[in-house]
Amino acid sequence: MTRTPVAEILKSESAAETALVQGWVRTKRDSKAFSFIEINDGSCLSNLQIVADATLDGYDESVLPLTTGASVSIEGKIIPSQGKGQQWEMQATSVTMLGEAESDFPLQKKGHSMEFLRSIAHLRPRSNLFGAVFRVRSRMAYSIHRFFQERGFLYVHTPIITGSDCEGAGEMFRVVTTAGEEIKLGDDEFFGDPTYLTVSGQLEGETFACALSNIYTFGPTFRAENSHTSRHASEFWMIEPEIAFCDLNQDMDLAEEMLKFLVSDVLESCAEDLQFFDRFIDKGLIERLEWVRDRKFERVSYTEAVELLQKSGQTFEYPVEYGANLQSEHERYLTETHFQCPTTVYNYPKEIKPFYMRRNDDGKTVAAMDLLVPGIGEIVGGSQREERLTILRENMKEHDLQEDDYWWYVDLRRYGSVPHAGFGLGFERLLMFVTGVANIRDVIPFPRTPGSADF
RNA sequence: UCCUCUGUAGCUCAGCGGUAGAGCGGGUGGCUGUUAACCACUAGGUCGUUGGUUCGAAUCCAACCGGAGGAGCCA
C-alpha cells in the first residue's frame with residue numbers, strides 16, 4: 001500500500017476502508033481502552049488523529065511506548081470523527097513504531113522561544129510554525145518562477161563564484177582553496193585572479209538581458225557585512241529580473257505587479273498556514289496582505305518624499321535632508337504612518353547610488369527605485385541601467401572604478417546597447433512580509449549570520 | 001563597528017547573600033472519546049566559564065564565551 005499524505009486524508013469527501021499514513025507523533029493521549037495519536041507528516045499544518053484500541057495486536061509494544069517525536073507507520077480506516085475538532089480520523093488496524101524518540105526530545109507541545117528553536121535547526125521544521133514557514137517558502141519560490149515564466153522571462157543561472165564586484169552591494173567573502181589547514185592567497189589563486197562569493201547576479205544578468213531580452217535570476221547571494229539585525233543574513237536568496245527595452249516606470253510597474261501576484265497567490269494557496277501566522281505570530285497579517293493585494297501602491301519621488309518628511313512635523317532621530325539616504329525610521333513613517341501601504345520611492349540623488357544607475361536629465365538624480373513595505377522596509381531595490389557609453393564611463397570615473405575591471409560590462413554599451421532596467425527582491429524579506437515572522441533567521445532553513453554558521 | 005538586554009532541570013521560567021523550586025516534557029499507576037486531555041506518585045540541576053568580594057555566592061563585582069534587540073550598511 002502506498003502512503004497517503006495527511007493533507008489528502010483531511011480533505012477526504014468520504015470514508016475509506018483502508019489507508020496507510022506515515023509521519024511523526026505530535027502528541028498522544030491514553031485512556032484505559034484506547035489511545036489517541038496525533039501525527040503530522042508535513043503535508044499540511046493539521047495533524048491526523050488516530051484512534052488505537054487497546055485490543056489492537058501489538059498495542060503494548062507499538063502504541064504504548066510512542067512519545068512525541070517518534071516516527072510511525074499506521075494502517076487503518078478513515079472514518080468521520082466522533083469528537084469535536086476534526087472532521088476525519090483514522091481507526092487504526094496496525095501501528096508500527098519506525099523510530100522511537102528518546103526522552104529528551106526537545107520539542108514539546110507548549111511554546112518554545114525562537115532562540116531555542118534556532119539552536120535545533122535540524123528539528124524545528126517539525127514544529128507547527130516552521131512547518132508552515134517552509135511550506136510557504138516552497139510555494140513562494142514556485143510562484144516566483146511561475147510569475148516570470150508566464151511572462152516569457154528566461155531563468156538564467158548567474159555564477160556564485162565571481163571575480164566581479166557589483167559595487168555598492170556590500171562586503172564580499174573571498175574564495176580560496178585549502179591545502180591541509182593552510183589557506184592559499186596571492187600567487188596561488190586557483191582561478192588566476194582573486195574570486196569572491198557573489199553579492200549580486202545583476203551585472204551578469206544584464207549581459208543576458210542584452211541578448212535574450214527578459215531574464216531573471218533566483219539564487220543564493222552572500223554578504224560579509226557585520227550586520228546584527230533581524231533583517232540581515234550573510235547568505236540569502238535573491239530574485240533579480242533584468243528587462244531589455246525597459247525604462248524605470250515599466251520597472252516599477254513590474255515590481256508592483258509581482259508583489260501583488262505573490263501576495264495574491266500565498267493568500268489562496270497557503271490559507272491554513274497564513275491563518276496560523278495570523279493567530280499566533282502577527283495578528284492582522286491576512287487583512288494586511290489582502291490590502292496589499294487589492295490597493296494601489298503609492299509612488300513618490302525621492303525629492304517629494306524628503307519634502308513630505310520635513311513637513312510631517314515628526315521628530316526623527318536622524319534629520320531628513322536632501323542628499324542623504326532615507327533612514328529606517330523615515331521609510332517606516334512613509335509606509336506605516338503617511339501612506340499606510342507599500343510605497344515606491346524613485347529618482348534618488350546620484351551621489352548615494354552605484355555607478356550603473358541611469359543618470360536623469362536633471363543631472364542630479366538617477367533612475368533608481370526602492371519598493372518599501374510596512375514592517376520590513378525595503379523589499380525591492382532597482383533601477384534603469386545606464387546604457388550610454390560616455391555617461392557610464394563618467395560615472396565609473398566619479399566612483400573611482402577601473403574600466404578594465406568591468407570591460408565586459410562596458411562592452412554591452414559598445415555593441416548594440418539598449419535601454420534596460422531591473423530590480424532585486426530579497427526572498428527572505430518577502431517571506432517575512434507574507435508570514436509576519438519578525439526575524440530573517442526564522443524564514444531560512446539554516447541561517448548564516450556573523451559568528452554563526454551551525455549545521 | 002557602536003549601544004542595550006540576557007544566560008538556573010530536556011523546554012518555559014521563578015528564586016536576587018543563608019540547605020536549588022514550579023509548570024510542561026520523561027517514567028510508573030489510574031481514568032469509556034480525548035483535543036496544549038485529566039488525576040496521583042516519581043526520576044531529573046557543577047545555577048554559561050574563570051577569577052574575585054564574603055563566615056557563606058545561583059544571588060554582588062570583573063573578564064571571557066554564548067544568545068537576543070536596536071543603529072549603521074543593505075536585500
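This one's a predicted model, so the numbers in the text were calculated from it and none came from an experiment. Convention: sequence-line order gives letters A, B, ...; per-chain numbering from 1.
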Return the nucleotide paired to [N]: Watson-Crick means purine N1 to pyrimidine N3 with N6-O4 or O6-N4, wobble means G-U with N1-O2 and O6-N3, both under 3.5 Å.
| N | value |
| --- | --- |
| A40(B) | U28(B) |
| C60(B) | G52(B) |
| C65(B) | G7(B) |
| C13(B) | G21(B) |
| C74(B) | none |

Touch class at under 4.0 angstrom, heavy-atom based, for [X] against every strand present:
| X | answer |
| --- | --- |
| Ser35(A) | nothing |
| His112(A) | sugar-phosphate |
| Thr229(A) | base |
| Glu329(A) | nothing |
| Ile440(A) | base |
| Gln82(A) | base |
| Phe427(A) | nothing |

Do [X] and [N] share a donor-acceptor pair, side chain to base, under 3.5 Å?
| X | N | value |
| --- | --- | --- |
| Gln86(A) | U34(B) | yes |
| Glu89(A) | G33(B) | yes |
| Ser227(A) | C73(B) | yes |
| Arg231(A) | A75(B) | no |
| Gln49(A) | U34(B) | yes |
| Arg429(A) | C74(B) | yes |
| Gln108(A) | G10(B) | yes |

Practice item. With P as the reference atom in both, quote the distance from U6(B) to C16(B) in angstrom, rounded to an integer. Key: 16 Å

Exercise for review: Please state the P separation for the pair C5(B) and U19(B) - nearest whole angstrom.
Suggested key: 30 Å

Between [X] and [Y], does at least one N-O distance fall below 4.0 Å, as a salt bridge requires?
| X | Y | result |
| --- | --- | --- |
| Asp278(A) | Lys283(A) | no |
| Arg359(A) | Glu398(A) | yes |
| Arg29(A) | Glu38(A) | yes |
| Arg118(A) | Asp454(A) | no |

Practice item. Could you list the residues that satisfy side chain to side chain contact (heavy atoms under 4.5 Å, CB included) with Asn40(A), not counting sequence neighbours? Key: Arg26(A), Asn47(A)

Check your understanding: According to the 5.5 Å centroid and 30° plane-angle thresholds, does Phe236(A) stack upon the nucleobase of A75(B)?
Key -> yes

Practice item. Grab the CG-C1' distance between Asp30(A) and C31(B) for me, whole Å please. Key: 11 Å

Practice item. Verify the distance criterion only: is there a donor paired with an acceptor across the side chains of Glu206(A) and Tyr356(A) at less than 3.5 Å? Key: no

For nucleotides 63-66 of chain B, which of its nitrogen or oxygen atoms have a protein nitrogen or oxygen under 3.5 Å away, and what is each distance?
none

Point to revise | Heavy-atom closest pair, residues His330(A) and Val320(A) | key: NE2-CG2, 3.6 Å

Revision key, fill the gap. Closest non-hydrogen atoms of Leu289(A) and Val434(A), given as atom of the first, atom of the second and distance, are CD1-O, 3.5 Å

Practice item. Determine, for Phe147(A) and Arg151(A), whether the Lys NZ or Arg CZ falls below 6.0 Å from the six-membered ring centre while staying within 45 degrees of the axis. Key: yes

Exercise for review: Kindly confirm or rule out a cation-pi arrangement of Arg288(A) over Trp291(A), judged by NZ or CZ under 6.0 Å from the six-membered ring centre and within 45° of its axis?
Suggested key: no

**Study point:** G69(B) OP1/OP2 closer than 4.0 Å to side-chain N/O of Arg441(A)
**Key:** yes

Check your understanding: Do Thr344(A) and Glu298(A) have side chains that get closer than 4.5 Å, going by heavy atoms?
Key -> no

**Study point:** Selection: residues 254-267 of chain A, any non-hydrogen atom under 4.0 Å of RNA chain B
**Key:** none

**Study point:** Closest-nucleotide 5' rank along RNA chain B - winner of Pro450(A) and Arg332(A)
**Key:** Pro450(A)

